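Below is one structure, written out as structure tokens; the observations come after it.
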Amino acid sequence: MESFFVLIMVVLLISILMTLVRALLGPTSFDRILSVNAVGTTIVVAVAVLGFLKGRPDFLDLALVYAMVNFVATIAILRFVERRDLG
Amino acid sequence: MMAWNDIVTIVLLSLGAFLALTGSLGMLRMPDFYSRLHPAGKNDSLGQLLILVGLCFQVEHWSHGGWLVASKLLLISLFLIVTAPTATHAITKAAWLDGLRPWRRPGDPQGDFGGNQEGDDV
């Protein structure tokens, strides 16, 4: 089971790297915002799997907090791009 | 043979990881911003549900604190189900209001959308 979790982690990390390439390439800024949001969602899942791999259930709190931070950050970035002001 | 919960975990996690991988592959290969929304928004939204539900079957000592781990997993999954499609919609709306339009072949009989295309200097 441990080696299967390691395989899943490798697949998720490859997926994160490919999405980050789109963050570097993407001609518009919205491509980059989309890719960073997708990376954040995949990272949450990867942290949860890592917690089960290491046998520590505390990682799930970390995953929950980062899911919230990712969503709020995406909405804040979009608001800034739209209005040029965060207020 | 393995226990039944190991088999269920392996199947669900494999499906979820496959969806995540093809989602990121689509992000690289799709030609236009509006086409890239499909793999980025949909694949992660379903893949995370499958992976996190699959991890619920690996929880041990259910009555001695295992139920807390499973409820945290389902809480993360519920939060991502609500917010990941919402964030994708917000990105789409911001791009549309900024003037970005889908790509149409030049000379298409349905006509152009007007507005900016990718790669224009705004």
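Chain naming here is simple, since letters A, B, ... match the order of the sequence lines and numbering starts at 1 in each. Computed from a predicted model, the values in this text were never measured in an experiment.
- Among the candidates B:Leu73, B:Thr22, B:Leu25, the residue making the largest number of heavy-atom pairs closer than 4.5 Å to chain A is B:Leu73.
- Under a cut-off of 6.0 angstrom, the local environment of CZ in B:Arg29 is sparse, with at most 12 non-hydrogen atoms contributed by other residues, nucleotides or ligands.
- Most heavy-atom pairs under 4.5 Å with chain B, from the set A:Ile77, A:Asp61, A:Leu12, A:Ile75: that is A:Asp61.
- Here B:Tyr34 contributes atom OH and A:Phe30 contributes atom CZ; the two are 8.0 Å apart, rounded to the nearest 0.5 Å.
- Residues B:Ile91 and A:Leu34 approach most closely at CD1-CA, 3.7 Å, considering heavy atoms.
- Atom CZ of A:Arg22 sits about 3.5 Å away from atom CZ of B:Arg36, to the nearest 0.5 Å.
- Between atom CG of residue B:Asp98 and atom OG of residue A:Ser29 there is a gap of 7.0 Å, rounded to the nearest 0.5 Å.
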Please tabulate, for side-chain N and O atoms in residues 7-21 of chain B, each donor-acceptor pair with protein atoms closer than 3.5 Å (sequence neighbours left out).
residue, atom, partner, partner atom, Å
B:Thr9, OG1, B:Asn5, O, 2.8
B:Thr9, OG1, B:Gly54, O, 3.3
B:Thr9, OG1, B:Gln58, OE1, 3.3
B:Ser14, OG, B:Ile10, O, 2.5

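- For A:Ile33, the parts lying near chain B are the backbone and the side chain together; criterion is any non-hydrogen pair under 4.5 Å.
- Ring geometry for A:Phe71 against B:Phe79 counts as perpendicular: the plane angle is over 60°, on a 0 to 90° scale with 30° as the lower cut.
- Looking at heavy atoms from C-beta onward, B:Asp6 lies in side-chain contact with A:Met1 at the 4.5 angstrom threshold.
- Side chain to side chain, B:Thr88 and A:Asn37 fail the donor-acceptor criterion of an N or O pair below 3.5 Å.
- No single ILVMFWY cluster, assembled from side-chain heavy atoms under 4.5 Å apart, contains both B:Leu78 and A:Tyr66.
- Hydrophobic clustering, with ILVMFWY side chains joined whenever heavy atoms are under 4.5 angstrom apart, keeps B:Phe33 apart from B:Trp103.
- Of the listed residues (B:Thr92, B:Asp44, B:Leu55, B:Val69), the one with the most heavy-atom contacts under 4.5 Å to chain A is B:Leu55.
- In this structure, B:Leu75 is a member of the same hydrophobic cluster as B:Leu52, with clusters built from ILVMFWY side-chain heavy atoms closer than 4.5 Å.
- In the hydrophobic cluster analysis, where Ile, Leu, Val, Met, Phe, Trp and Tyr join through side-chain heavy atoms closer than 4.5 angstrom, A:Leu62 is grouped together with A:Phe5.
- Between B:Ile76 and A:Ala63, the shortest heavy-atom distance links the atoms CD1-CB, 3.8 Å.
- Contact annotation for A:Val49: both backbone and side-chain heavy atoms come within less than 4.5 Å of a heavy atom of chain B.
- To the nearest 0.5 Å, atoms NZ (B:Lys72) and CZ (A:Phe59) are separated by 12.5 Å.
- Each of A:Gly40, A:Gly26, A:Ala67, A:Pro57 has some count of heavy-atom pairs under 4.5 Å with chain B, and the biggest count is that of A:Ala67.
- A:Leu78 touches chain B through its side chain: at least one heavy atom from C-beta onward sits under 4.5 Å away, while N, CA, C and O do not.
- For A:Leu60, the parts lying under 4.5 angstrom from a heavy atom of chain B are both the backbone and the side chain.
- Counting heavy-atom pairs under 4.5 Å between each of B:Leu28, B:Leu80, B:Leu68, B:Val59 and chain A puts B:Leu28 at the top.
- Only the side chain of A:Thr74 comes within less than 4.5 Å of a heavy atom in chain B; its backbone stays farther off.
- For A:Val11, the parts lying near chain B are the backbone and the side chain together; criterion is any non-hydrogen pair under 4.5 Å.
- A continuous path of ILVMFWY side-chain contacts below 4.5 Å connects A:Val69 to A:Leu50, so both sit in one hydrophobic cluster.
- Listed options A:Leu7, A:Ile8, A:Thr41 were ranked by heavy-atom pairs under 4.5 angstrom with chain B; first place goes to A:Ile8.
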